Amino acid sequence: MSTELKVNSYFNDSVKSIALENQEGVSTVGVMSVGDYEFGTSQREYITVVSGRLTVKLPGEATWKTFSKGETFIVEANLSFSVKVEETTAYLCRYE
């Protein structure tokens, strides 16, 4: 288990996260600025909105769905998903 925190920055600093590892596994806690983004996964990801909202188009889905504070969505490994952010939003991502 690592005690080192790793800061990640994406999309010209519009998305930032801090990675951590503890007894629950590996997670990132981050913030997304207003914008449209596409992310790829290398592991299954459980993404929970901490503050704000994310409008997401999940792999294989035809429609967009909005997730608000406290709601979680799951993206399987080796897939990509699109996100629309209309207000600055904080999230927690747990990896499996």
Side-chain angles (χ1 to χ4, degrees):
M1 184 177 346
S2 173
T3 58
E4 183 178 330
L5 298 178
K6 180 180 176 190
V7 178
N8 300 299
S9 180
Y10 309 94
F11 304 103
N12 295 316
D13 290 340
S14 293
V15 177
K16 291 192 175 191
S17 67
I18 300 173
L20 62 111
E21 183 178 354
N22 62 19
Q23 292 177 346
E24 296 176 19
V26 177
S27 300
T28 57
V29 178
V31 176
M32 295 184 198
S33 297
V34 173
D36 296 341
Y37 309 103
E38 185 167 336
F39 297 95
T41 64
S42 59
Q43 301 175 44
R44 177 184 291 155
E45 297 185 11
Y46 294 79
I47 302 165
T48 303
V49 177
V50 175
S51 176
R53 315 185 284 285
L54 298 176
T55 301
V56 180
K57 187 171 184 192
L58 294 167
E61 298 289 327
T63 59
W64 293 80
K65 183 173 180 187
T66 299
F67 295 87
S68 299
K69 181 180 178 178
E71 295 182 313
T72 300
F73 59 95
I74 301 168
V75 182
E76 296 298 329
N78 304 310
L79 297 174
S80 61
F81 63 102
S82 298
V83 178
K84 294 180 183 180
V85 184
E86 295 179 4
E87 65 177 304
T88 301
T89 297
Y91 66 92
L92 167 67
C93 182
R94 187 173 55 82
Y95 300 93
E96 279 192 355

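Values in this document were obtained by computation on a predicted structure and should not be read as measured data. In this chain, residues are counted from 1 in sequence order.
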Exercise for review: Kindly assign one of parallel, tilted or perpendicular to the pair F11 and F39, based on the angle between their ring planes and the thresholds 30° and 60°.
Suggested key: perpendicular
Check your understanding: Does the S14 side chain pair with the main chain of S33, one donor and one acceptor, at a distance under 3.5 Å?
Key -> no
Point to revise | Whether T89 side chain and R53 backbone form a donor-acceptor pair below 3.5 Å | key: yes
Heavy-atom side-chain proximity of [X] to [Y] below 4.5 angstrom:
{"X": "K69", "Y": "S51", "answer": "no"}
{"X": "V75", "Y": "P59", "answer": "yes"}
{"X": "T41", "Y": "Y95", "answer": "no"}

What is the distance from atom [atom1] of [X] to atom [atom2] of [Y], rounded to the nearest 0.5 Å?
{"X": "T55", "Y": "K65", "atom1": "OG1", "atom2": "NZ", "value": "11.5 Å"}
{"X": "N78", "Y": "Q43", "atom1": "CG", "atom2": "CD", "value": "9.5 Å"}
{"X": "I47", "Y": "Y91", "atom1": "CD1", "atom2": "OH", "value": "8.0 Å"}
{"X": "T63", "Y": "K57", "atom1": "OG1", "atom2": "NZ", "value": "8.5 Å"}

Review point. Taking everything shown except E24 itself, do over 12 heavy atoms lie less than 6.0 Å from its CD?
Key: no
Shared hydrophobic cluster for [X] and [Y] (ILVMFWY, side-chain gaps under 4.5 Å):
{"X": "I18", "Y": "V50", "answer": "yes"}
{"X": "L58", "Y": "V83", "answer": "yes"}
{"X": "L5", "Y": "V29", "answer": "yes"}
{"X": "F73", "Y": "M32", "answer": "yes"}

Exercise for review: Applying side-chain contact (heavy atoms from CB on, under 4.5 Å), run through V49 and S68 and close with a yes or a no.
Suggested key: CA-CA 6 Å; V49 177; S68 299; 5.7 Å; no
Practice item. Show your reasoning for whether side-chain contact (heavy atoms from CB on, under 4.5 Å) applies to Y37 and Y10. Key: CA-CA 10 Å; Y37 309 103; Y10 309 94; over 6 Å; no
What are the two closest heavy atoms between [X] and [Y], and how far apart are they?
{"X": "C93", "Y": "E45", "result": "SG-OE1, 3.5 Å"}
{"X": "E38", "Y": "S80", "result": "OE2-OG, 3.3 Å"}
{"X": "V85", "Y": "E87", "result": "CG1-O, 3.0 Å"}
{"X": "A77", "Y": "S42", "result": "CB-O, 3.7 Å"}

Review point. Given the rule in the side-chain contact (heavy atoms from CB on, under 4.5 Å) test, do E21 and V26 qualify, once you have shown the distances and angles that lead to the verdict?
Key: CA-CA 4 Å; E21 183 178 354; V26 177; 4.0 Å; yes
Check your understanding: Would you call E96 and R94 a salt bridge, taking side-chain N to carboxylate O under 4.0 Å as the test?
Key -> yes
